[in-house]
Amino acid sequence: MIDIAALRADPASFEDAWNKRGLSVDVTALLALDEEVRHLKAESESLRNQVNVASREIGEVARSGGDVAAAKQRVREIGDRAKELARSCTEQEEVLTNQLLELPNPCLATVPAGADASANAVVATWGEPPRLDIVYKPHWDLATDLGILDLERGAKLSGSGFVVLRGDGPRLVRALLTFFLDHLTRQHGYTEVMVPHLVQPSVMRGTGQLPKFQAELYHCERDDLYLIPTAEVPVTNLHAGEILSEADLPRRYCAYTPCFRREAGAAGVGTRGMTRVHQFDKVEMVWLAHPDRTEQDLAALRGHAEEMLQALGLHYRVLDLCTGDTGFSAAHTYDLEVWSPGTGQWLEVSSCSTFTDFQARRAGIRYRPAGGGKPRLIHTLNGSGLAIPRCFISLLETYQQADGRVIIPEVLRPYMGGQESIGG
RNA sequence: GGACAGGUGGCAGAGUGGCUGAAUGCGCCGGUCUUGAAAACCGGAGAGGGGGCAACUCCUCCGUGGGUUCGAAUCCCACCCUGUCCGCCA
């Protein structure tokens with residue numbers, strides 16, 4: 001959520017930022033509503049003050065045996081009026097807040113302007129596609145032939161978009177997960193957390209999934225709990241409503257969770273195999289960070305994700321997302337895409353973003369400056385580190401051999417009991 | 001799921017209708033003392049919002065939401081959460 005006071009102070013820059021996201025916002029109406037809310041608040045507070053003062057007097061008079069019947073009647077009327085005004089103030093404030101909750105985070109000034117994904121900038125490329133003299137099979141054939149992927153039975157159990165892995169398939173997934181978590185905790189001092197996969201609506205609101213993206217979420221109606229679409233949601237909200245000390249920043253967490261996404265409207269294009277599924281595994285990196293270093297922090301976060309792709313030896317590129325393609329809550333995003341030689345596509349395996357204070361304001365995450373003083377909102381950042389299915393795809397396709405085997409990269413072998421290949 | 005107990009400031013813990021936004025202790029910050037530290041003593045210190053150039057001032061917040069009252073941390077109702085015991089269970 002944006003800061004209404006900031007909008008008041010500089011409406012033009014917000015309007016401009018939203019325009020760059022392809023959004024036209026009636027800022028004038030927002031500010032008029034804000035004005036009304038504050039007017040109502042001032043009115044009701046001044047009446048409230050009259051009630052407080054008068055009540056004190058009534059108490060004193062009554063104690064010394066005076067007659068307070070008339071005063072009571074008068075104060076009650078003022079009180080009723082104050083209550084009325086306070087009520088309509090709350091109502092209007094709610095209307096305003098609901099509107100604010102639907103507005104995206106303005107992008108940082110450094111983000112390239114552009115309408116859609118075609119304006120994203122490729123800022124780095126690492127490695128090269130594999131060059132064996134073979135026809136590179138797509139993973140849905142390769143993995144099915146190896147007996148480690150069963151799309152049909154996944155669909156039988158849960159419908160399309162759900163997969164069953166078997167044998168070395170799950171084993172490879174566990175190896176990837178453990179490698180990622182070990183790397184982040186041991187090399188970079190992240191704290192690993194294991195969190196609930198079902199969360200309350202307020203938690204979804206904190207990171208920005210609600211109210212706008214309800215349709216993307218699985219919801220358990222009976223308990224009013226949502227299945228998380230990413231570990232970002234519970235992990236970022238770990239410190240919701242808290243005031244951290246400045247010395248504790250940045251707090252860096254990593255977490256493995258399954259992720260559940262309805263992918264409403266995404267059926268059809270590019271959904272073959274396991275490139276886009278309703279349930280997948282992912283390790284997520286989440287930073288609760290100091291607000292003054294957000295771009296440096298984002299660069300570091302992205303670096304951590306890149307290191308792991310490099311360790312796996314996967315050909316990848318980095319996109320600097322343009323304003324039109326940046327997610328709702330984010331202010332600046334880098335996407336990491338791995339090469340899938342079997343399908344001839346780049347697949348997004350990580351999206352590293354800073355959310356500036358947008359999520360922190362929604363979730364109420366602040367820190368107290370070391371020298372004392374008022375609490376300030378922190379900045380939140382996160383990035384996949386990494387999403388399993390697409391790493392799995394790229395890895396299988398990249399390391400496939402003429403004889404149908406798949407070579408396991410060195411870094412994963414310790415996690416697979418020294419196994420050097422799958423199949424054959 | 002049933003019974004009982006309880007939810008107050010960073011923590012512990014008073015407070016059961018009126019200068020209580022909240023005693024006291026610990027912790028924290030500043031100062032005095034000390035070569036330095038500790039101890040002791042003095043002082044400071046919650047959050048959000050409105051108004052004012054400012055000194056300052058006003059409103060709200062004692063799990064959440066309603067209600068009673070001139071006035072609620074204190075009384076009433078509902079809900080949530082925690083603890084203990086019982087039941088059930090991986």
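Values below: every heavy atom of this structure, side chains too, minus hydrogens, waters and symmetry copies.
Applying a 4.0 Å cut-off to non-hydrogen atoms, the residues of residues 77-91 of chain A that approach RNA chain B are R87(A), listed by residue number.
Of the N and O atoms on the side chains of S329(A) and Q359(A), not one donor lies less than 3.5 Å from an acceptor on the other residue. In this model, a donor atom of one side chain and an acceptor atom of the other lie less than 3.5 Å apart for T207(A) and Q209(A).
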Return a table of donor-acceptor pairs under 3.5 angstrom between the side chains of residues 68-80 of chain A and protein atoms on other chains or two or more places apart.
{"from": "Q73(A)", "atom 1": "NE2", "to": "E77(A)", "atom 2": "OE2", "distance (Å)": "2.8"}

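Nucleotide G27(B) has no partner under the Watson-Crick or G-U criteria, as no pair reaches both atom distances under 3.5 Å. Pairing for C85(B) is with G2(B), a Watson-Crick or G-U wobble pair whose two hydrogen-bonding atom distances lie under 3.5 Å. The pairing partner recorded for A73(B) is none, the criterion being a Watson-Crick or G-U wobble arrangement whose two distances lie under 3.5 angstrom. Both distances falling under 3.5 Å, in either a Watson-Crick or a G-U wobble arrangement, place A40(B) opposite U32(B). Under the Watson-Crick or G-U wobble criterion, with both distances below 3.5 Å, G7(B) is paired with C80(B). Pairing for A45(B) is absent, with no Watson-Crick or G-U wobble pair whose two atom distances lie under 3.5 Å.
Taking the six-membered ring where tryptophan is involved, the planes of F179(A) and H183(A) are tilted, since the angle between them lies from 30° to 60°.
Between S384(A) and S351(A) the shortest heavy-atom distance is OG-N, 3.5 Å.
One finds no side-chain N or O of R368(A) lying less than 4.0 angstrom from the OP1 or OP2 phosphate oxygen of A45(B). Between C59(B) and R48(A), no contact under 4.0 Å exists linking OP1 or OP2 to a side-chain N or O. A sub-4.0 Å separation between OP1 or OP2 of C58(B) and a side-chain N or O of N49(A) is absent.
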For nucleotides 50-55 of chain B, which of its nitrogen or oxygen atoms have a protein nitrogen or oxygen under 3.5 Å away, and what is each distance?
{"from": "G51(B)", "atom 1": "OP1", "to": "R38(A)", "atom 2": "NH1", "distance (Å)": "3.3"}

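Under the 6.0 Å cut-off for aromatic ring centres, Y256(A) and F180(A) do not qualify, their centroids lying 6.0 Å or more apart.
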